[in-house]
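Encoded as structure tokens, the structure appears first; notes follow it.
We count residues from 1, following the sequence as given. Just so you know, these numbers use all the heavy atoms, side chains as well, and skip hydrogens, waters and symmetry mates. Computed from a predicted structure; not experimentally measured.
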Amino acid sequence: MRCPQCGNETQQGAAFCARCGTRMFAPKPSAVREYALATFRPSLWYYANGFLVGGILIAIGGRLLYLKFQPIQVGFAVVGLGVLTWLVTMIRARTVNWSLTSDRLIEKRGLLASRRREMELADIRSVEVDKRVIQRMFGLGDVTIASAASADYAIRLHEIQDPDNAAETIRKARLKRMA
């Protein structure tokens, strides 16, 4: 059996590589099924600028209509643009999610064209929590999960609610998976 990390020949049935310490892949029993543990989405505060711009446009359009600005279509167009900005922001907020299962962390992005990235829980090297000042005021933060498989591969959960709890959930799932 060869180590997937360094290529060293290891004994059949070994749990770890004797040379680099990488966990060897063991076949899963067919009776064990993957199950969902948690789903994370960015907070709506992450999209607050879109809601703010839409609200301002609606207010300006309403003011133009109230003052009977000529041509009147300008007021309706500005209100319509504000409503469209709100709709696009709400759709953008639903196009990103992260799912934690018993075996992996899955990142899904996109609405029409989509991108999906997966990271096995056994491959997680570190889980970092970043909270900037503004994020701390709202109880938000970023969680970065780095992979042991590659130095530049990471999944970043942006602006999620209660990032410390999310990081702890991921850590516990990883430890349970490694056991």
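Listed for the Thr85 side chain is a donor-acceptor partner under 3.5 Å among the backbone atoms of Leu81. Of the possible donor and acceptor atoms, none in the side chain of Ser114 sits under 3.5 Å from a partner among the backbone N and O of Leu111. Using a distance-only test at 3.5 Å, with no hydrogens or angles considered, no donor-acceptor pair links the side chain of Arg171 to the main chain of Ala166. A donor-acceptor pair is defined here as one N or O able to donate and one able to accept, closer than 3.5 Å; such a pair exists between the side chain of Ser102 and the backbone of Tyr35.
The side chain to side chain donor-acceptor pair (under 3.5 Å) check on Asp142 picks up Arg132, Gln135, Arg156, with sequence neighbours excluded. In terms of the side chain to side chain donor-acceptor pair (under 3.5 Å) criterion, Arg41 has no residue partners (sequence neighbours excluded). Considering only residues two or more places apart in sequence or on other chains, Ile60 meets the side chain to side chain contact (heavy atoms under 4.5 Å, CB included) condition with Ile56, Leu64, Val78. Applying the ring pair (Phe, Tyr, Trp, His ring centres under 6.0 Å) test to Phe138 and every residue at least two apart in sequence or in another chain returns Trp45.
Using a 4.5 Å cut-off between side-chain heavy atoms of Ile, Leu, Val, Met, Phe, Trp and Tyr, with links allowed through other members, Val83 and Val53 fall into different hydrophobic clusters. Phe69 and Ile58 are assigned to two separate hydrophobic clusters, defined by single-linkage of ILVMFWY side chains at heavy-atom distances under 4.5 Å. Neither Leu84 nor Phe51 shares a network with the other; the hydrophobic side chains, linked directly or stepwise wherever heavy atoms of I, L, V, M, F, W or Y lie under 4.5 Å apart, form separate groups for each. Hydrophobic clustering of Ile, Leu, Val, Met, Phe, Trp and Tyr side chains at less than 4.5 Å, counting indirect connections, keeps Leu140 apart from Ile160.
Between Ile106 and Arg116 there is a side-chain heavy-atom pair separated by less than 4.5 Å. At a threshold of 4.5 Å between non-hydrogen side-chain atoms, the residues Val143 and Val127 count as touching. At a threshold of 4.5 Å between non-hydrogen side-chain atoms, the residues Lys172 and Arg174 do not count as touching. Taking 4.5 Å as the limit, some side-chain heavy atom of Leu100 sits within range of a side-chain heavy atom of Thr169. Residues Trp98 and Arg109 meet the side-chain proximity criterion, which asks for heavy atoms closer than 4.5 Å.
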Evaluate Glu107 against Leu157 for side-chain contact (heavy atoms from CB on, under 4.5 Å), listing each step before the verdict.
CA-CA 9 Å; Glu107 176 185 51; Leu157 286 64; over 6 Å; no
Please step through side-chain contact (heavy atoms from CB on, under 4.5 Å) for the pair Ile145 and Ile170, ending with a clear verdict.
CA-CA 9 Å; Ile145 299 102; Ile170 292 168; 3.9 Å; yes
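Shown here is Arg125, whose CZ atom has more than 12 heavy atoms of other residues, nucleotides or ligands within 6.0 Å.
For Glu118 and Arg104, the salt-bridge test passes: some basic side-chain N is under 4.0 Å from an acidic carboxylate O.
Through direct or relayed side-chain contacts under 4.5 Å between Ile, Leu, Val, Met, Phe, Trp and Tyr, Leu175 connects to no other residue. Members clustered with Tyr66: Leu67, by chain and number, using a 4.5 Å side-chain heavy-atom cutoff among hydrophobic residues.
Here the closest non-hydrogen pair linking Thr144 and Ala154 is CG2-CB, 4.2 Å. When all heavy atoms are compared, the tightest approach of Gly139 to Pro163 is O-CD, 3.9 Å. When all heavy atoms are compared, the tightest approach of Gly62 to Val79 is N-CG2, 3.6 Å. The two residues Ser147 and Met119 make their nearest non-hydrogen contact at CB-CE, 3.7 Å.
Using modelled atom types, one finds a donor on one side chain and an acceptor on the other under 3.5 Å when comparing Thr101 with Glu34.
Checked options Thr89, Leu52, Val88; the residue passing with Tyr47 is Thr89 (criterion: side chain to side chain contact (heavy atoms under 4.5 Å, CB included)).
Atom CD of Glu159 is separated from atom CG of Leu44 by 11.0 Å, given to the nearest 0.5 angstrom.
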